[in-house]
Amino acid sequence: MSLTKLFTEHPASVDESYGEHLAMATGFGLRMILGGIACLIHGLLPFLFVKTGSRQIGALHDIMVVNRNRKQARVQMPAVLDFVI
């Protein structure tokens with residue numbers, strides 16, 4: 001398998017270029033990390049980040065599953081730091 005194919009096969013399978021896939025995957029990863037930190041803080045201090053975890057999961061689900069075909073339904077991902085305290 002060629003080096004180019006290693007970097008482009010999967011992104012092409014989800015109708016993205018390498019750069020688009022890099023940006024999308026990085027955004028998902030940051031959102032998951034920050035959402036996870038918010039959930040850990042919520043576990044210790046239950047009055048903080050009450051809806052953050054469920055909102056992050058809902059947003060990621062909508063972007064990845066509900067609107068999988070972005071050519072038919074473009075979805076704007078909320079800002080990574082769009083957290084509710």
Side-chain angles (χ1 to χ4, degrees):
M1 182 175 279
S2 74
L3 189 58
T4 302
K5 191 171 182 178
L6 287 173
F7 284 91
T8 59
E9 186 174 36
H10 172 66
S13 75
V14 293
D15 198 28
E16 294 174 343
S17 68
Y18 173 78
E20 289 169 330
H21 191 71
L22 174 64
M24 188 64 77
T26 301
F28 268 70
L30 287 173
R31 184 174 290 275
M32 288 189 286
I33 290 167
L34 294 172
I37 292 169
C39 287
L40 291 170
I41 293 169
H42 173 71
L44 293 170
L45 306 168
F47 51 88
L48 293 178
F49 303 111
V50 176
K51 297 180 181 180
T52 301
S54 59
R55 285 186 179 170
Q56 299 309 313
I57 291 167
L60 292 172
H61 177 268
D62 288 348
I63 293 161
M64 183 178 280
V65 177
V66 175
N67 297 300
R68 189 165 297 244
N69 188 346
R70 283 181 284 291
K71 284 190 175 185
Q72 291 179 352
R74 279 259 177 219
V75 175
Q76 182 78 23
M77 186 184 292
V80 171
L81 296 177
D82 184 24
F83 288 88
V84 177
I85 294 180

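- Atom CG in Leu45 sits 11.5 Å away from atom CG in Leu40 (nearest 0.5 Å).
- Rounding to the nearest 0.5 Å places CG of Asp15 at 8.0 Å from CD of Glu20.
- Here Arg55 contributes atom CZ and Lys51 contributes atom NZ; the two are 5.5 Å apart, rounded to the nearest 0.5 Å.
- Taking both residues in full, the closest heavy atoms of Gly53 and Cys39 are given as CA-SG, 3.8 Å, listed atom of the first, atom of the second, then distance.
- Contact check for Gln56 versus Leu34: no side-chain heavy atoms found under the 4.5 Å cut-off.
- To the nearest 0.5 Å, the span separating OG on Ser54 from NE2 on His61 amounts to 13.5 Å.
- Looking at residues two or more places apart in sequence or on another chain, you find a side-chain contact (heavy atoms from CB on, under 4.5 Å) between Ser13 and His10.
- The two residues Tyr18 and Phe7 make their nearest non-hydrogen contact at CD1-O, 3.3 Å.
- The heavy-atom pair separating Thr4 from Thr8 by the smallest distance is O-OG1, 2.9 Å.
- Taking every heavy atom of both residues into account, Phe47 and Val50 meet most closely at O-CG2, 3.7 Å.
- Here the OG1 atom belonging to Thr52 is positioned 9.0 Å from the NE2 atom belonging to His42, to the nearest 0.5 angstrom.
- Hydrophobic clustering keeps Ile57 apart from Met64 (ILVMFWY residues linked when any side-chain heavy atoms are closer than 4.5 Å, directly or through intermediates).
- Looking at every heavy atom in both residues, Ser17 comes nearest to Pro11 through O-CB, 3.7 Å.
- Rounding to the nearest 0.5 angstrom, the gap separating the OG1 atom in Thr26 from the CG atom in Leu22 is 4.5 Å.
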